[in-house]
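The structure that follows is given in the form of structure tokens.
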Amino acid sequence: MSRSYRDRGVVLRTQRLGEADRIVTLLLEGRGLTRTAAKGARRPGSRIGARLEPFAVVDVELHRGRTFEVVRQVETVEANAALRADDRLWAAASVLAEVVLHVAVEGERDHGLQRLLRAGLAALATAPAEPDVFVDAFLLRAASAVGFPVRTGSCARCDAPGPHAHLSVVGGGTLCGDCAGEGTQRVGAGVVAAVRTLADDGAWQALPGLAREAGPDRVRAGSYARAYAEHHLDRRLRSYDAVERPGPGSPEVRE
Amino acid sequence: MYEGALQSLVDELGRLPGVGPKSAQRIAFHLVAGEDADARRLAATIVRVRETVTTCTRCFSVAEQPLCRVCRDERRDHGLICVVEEARDVFAIERTRDFAGAYHVLGGALSPLDGVGPDELRVAELEARVAEGGVHEVILAMNTNGAGEATAAFLSRRLAGTGPRVTRLASGLPAGGDLDYADEVTLSRAFAGRREA
């Protein structure tokens with residue numbers, strides 16, 4: 001059996017290895033999360049180094065190694081160079097990568113997560129004026145992709161038809177008056193609508209409008225998205241703090 | 001595997017970057033078999049480096065005095081600051097003998113995944129140097145990888161409007177290489193950075 005194979009995926013992270021090599025972590029279409037060694041990738045003349053930069057979509061030929069798969073060849077499918085040319089986009093894309101590094105599983109393909117990541121990076125690569133709203137959207141959509149969809153149309157606990165005005169992180173979305181416990185925050189319809197837009201898989205093009213028009217509701221929905229993702233994915237997202245946010249808005253929804 | 005001091009030496013050498021167990025073993029046996037004076041000189045040098053080498057208070061490169069050799073040199077242009085990620089980058093540039101300005105060592109590059117933001121780098125110190133006045137150009141000489149590009153973009157924004165000209169090192173085709181071996185990212189940059197012939 002050949003020890004080499006080809007696959008396509010997204011570069012999530014690179015780390016130094018030895019004198020001139022790099023560990024490159026990829027989310028591959030066929031094999032999920034995969035750690036590879038790119039020999040000589042840090043040398044200026046390397047043919048593979050420039051192609052294996054974070055957030056690039058690449059076709060790779062890999063050779064099975066003892067500790068890591070070894071990169072033999074790389075072809076760029078989508079360089080997403082804009083994400084490295086602007087520190088605000090770099091920070092935003094890093095949150096997407098951090099989430100995927102946490103939820104993706106080595107050796108397990110996940111088409112939903114792959115599709116979501118590539119769509120999120122492509123949306124960010126258009127250099128939107130407010131990348132934070134794309135990050136917030138990705139958080140809710142990634143949570144949904146791994147089994148924690150946020151519910152805004154009905155009560156997340158008893159299914160009572162909505163709309164409802166209580167928003168709960170732990171409860172999984174909006175809650176009706178009967179299910180909302182003490183401490184659950186009442187929010188305006190605008191916040192619930194903003195959460196719905198953020199979570200609506202596929203509607204990336206609606207996000208710039210949300211950023212422009214929703215104002216404090218969007219800021220509050222964003223803080224909810226972070227709290228929701230961190231709670232349900234059970235991880236504090238440290239790259240999130242590097243993302244530039246709009247000025248102080250409404251109080252956070254953390255419950 | 002080995003006894004006492006020899007095993008300790010193999011273990012200590014094996015903790016060094018780029019030294020695996022086999023290499024650690026080979027170096028240890030080399031030291032054991034070599035001249036006594038060679039081993040003592042090596043040990044004394046390591047101790048002396050630890051005792052005397054520190055960080056330059058102005059540019060944060062390595063120094064044996066409060067100011068490094070470059071910062072003490074009055075013949076250099078201290079209004080021209082080359083910003084690099086690591087102190088070893090200073091020596092890479094010094095090897096060219098083409099640069100006669102000063103340096104500023106950031107201490108890394110922006111890496112949100114690792115929790116490295118502007119506060120973890122010597123950005124405030126750079127801004128303070130610029131604010132002191134007399135700086136006419138800041139050259140951003142970050143690595144040409146994603147983190148380096150993002151850091152350069154960040155510094156460009158932060159330094160915009162503060163006075164000095166802010167420039168980036170050119171990037172493109174490596175010297176001595178064939179065009180058809182260049183990857184498309186490098187080639188694109190070479191086109192973007194073309195100049196009058």
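Since we're looking at a predicted model, the values are computed, not measured. All chains are named by letter (A, B, ...) in the order of the sequence lines, taking the proteins before the strands, and each is independently numbered beginning at 1.
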If you count the non-hydrogen atoms of other residues, nucleotides and ligands that lie under 6.0 Å from NE2 in B:H30, is the total more than 12?
-> no

Rounded to the nearest 0.5 Å, how far apart are OG of A:S94 and CG of B:L113?
-> 5.0 Å

B:R69 atom CZ, over 12 foreign heavy atoms within 6.0 Å | no

Measure A:L237 against the heavy atoms of chain B and call it side chain, backbone, both or neither at under 4.5 Å.
-> neither

Examine whether an atom of A:A91 lies under 4.5 Å from a heavy atom of chain B, and if so say whether it belongs to the side chain, the backbone or both; otherwise answer neither.
-> both

Residue A:R16 versus chain B: region with a heavy atom under 4.5 Å | side chain

Residue selection (most heavy-atom pairs with chain A, distance under 4.5 Å) from B:S156, B:A152, B:G115, B:G148 | B:G115

Determine whether more than 12 heavy atoms belonging to other residues, nucleotides or ligands lie under 6.0 Å from atom CZ of A:R235.
-> yes

Exceeds 12 heavy-atom contacts within 6.0 angstrom, atom CZ of A:R236 | yes

Flag the pair A:R13 and B:D114 as a salt bridge only when some basic side-chain nitrogen lies within less than 4.0 angstrom of an acidic carboxylate oxygen.
-> yes

At their closest point, which heavy atom of A:E53 faces which heavy atom of B:T144, and how far apart are they?
-> OE2-O, 4.4 Å

Are A:E244 and B:R157 ion-paired here, with the side-chain N under 4.0 Å from a carboxylate O?
-> yes

Are B:N145 and A:R84 close enough that some pair of their side-chain heavy atoms sits under 4.5 Å apart?
-> no

In terms of heavy-atom pairs under 4.5 Å with chain B, the winner among A:R51, A:Q15, A:E19 is A:R51

Step through the shown structure and confirm whether more than 12 heavy atoms of other residues, nucleotides or ligands are within 6.0 Å of CZ on A:R43.
-> no

Side chain, backbone, both or neither of B:P174 within contact of chain A (heavy atoms, under 4.5 Å) | side chain

State, yes or no, whether a side-chain contact exists between A:V74 and B:D183 at a heavy-atom distance under 4.5 Å.
-> no

With a 4.5 angstrom heavy-atom cut-off, could you sort out which part of A:S46 is near chain B: side chain, backbone, both or neither?
-> backbone

Compare every heavy atom of B:T186 with every heavy atom of A:A50, then report the nearest pair and how far apart it is.
-> CB-OG1, 3.9 Å

At their closest point, which heavy atom of A:W90 faces which heavy atom of B:L110, and how far apart are they?
-> NE1-O, 3.3 Å

Take atom CD in A:E106; do more than 12 heavy atoms of anything else shown fall under 6.0 Å from it?
-> yes

Based on non-hydrogen pairs under 4.5 Å, which of A:A79, A:P54, A:S239, A:A56 is most in contact with chain B?
-> A:S239

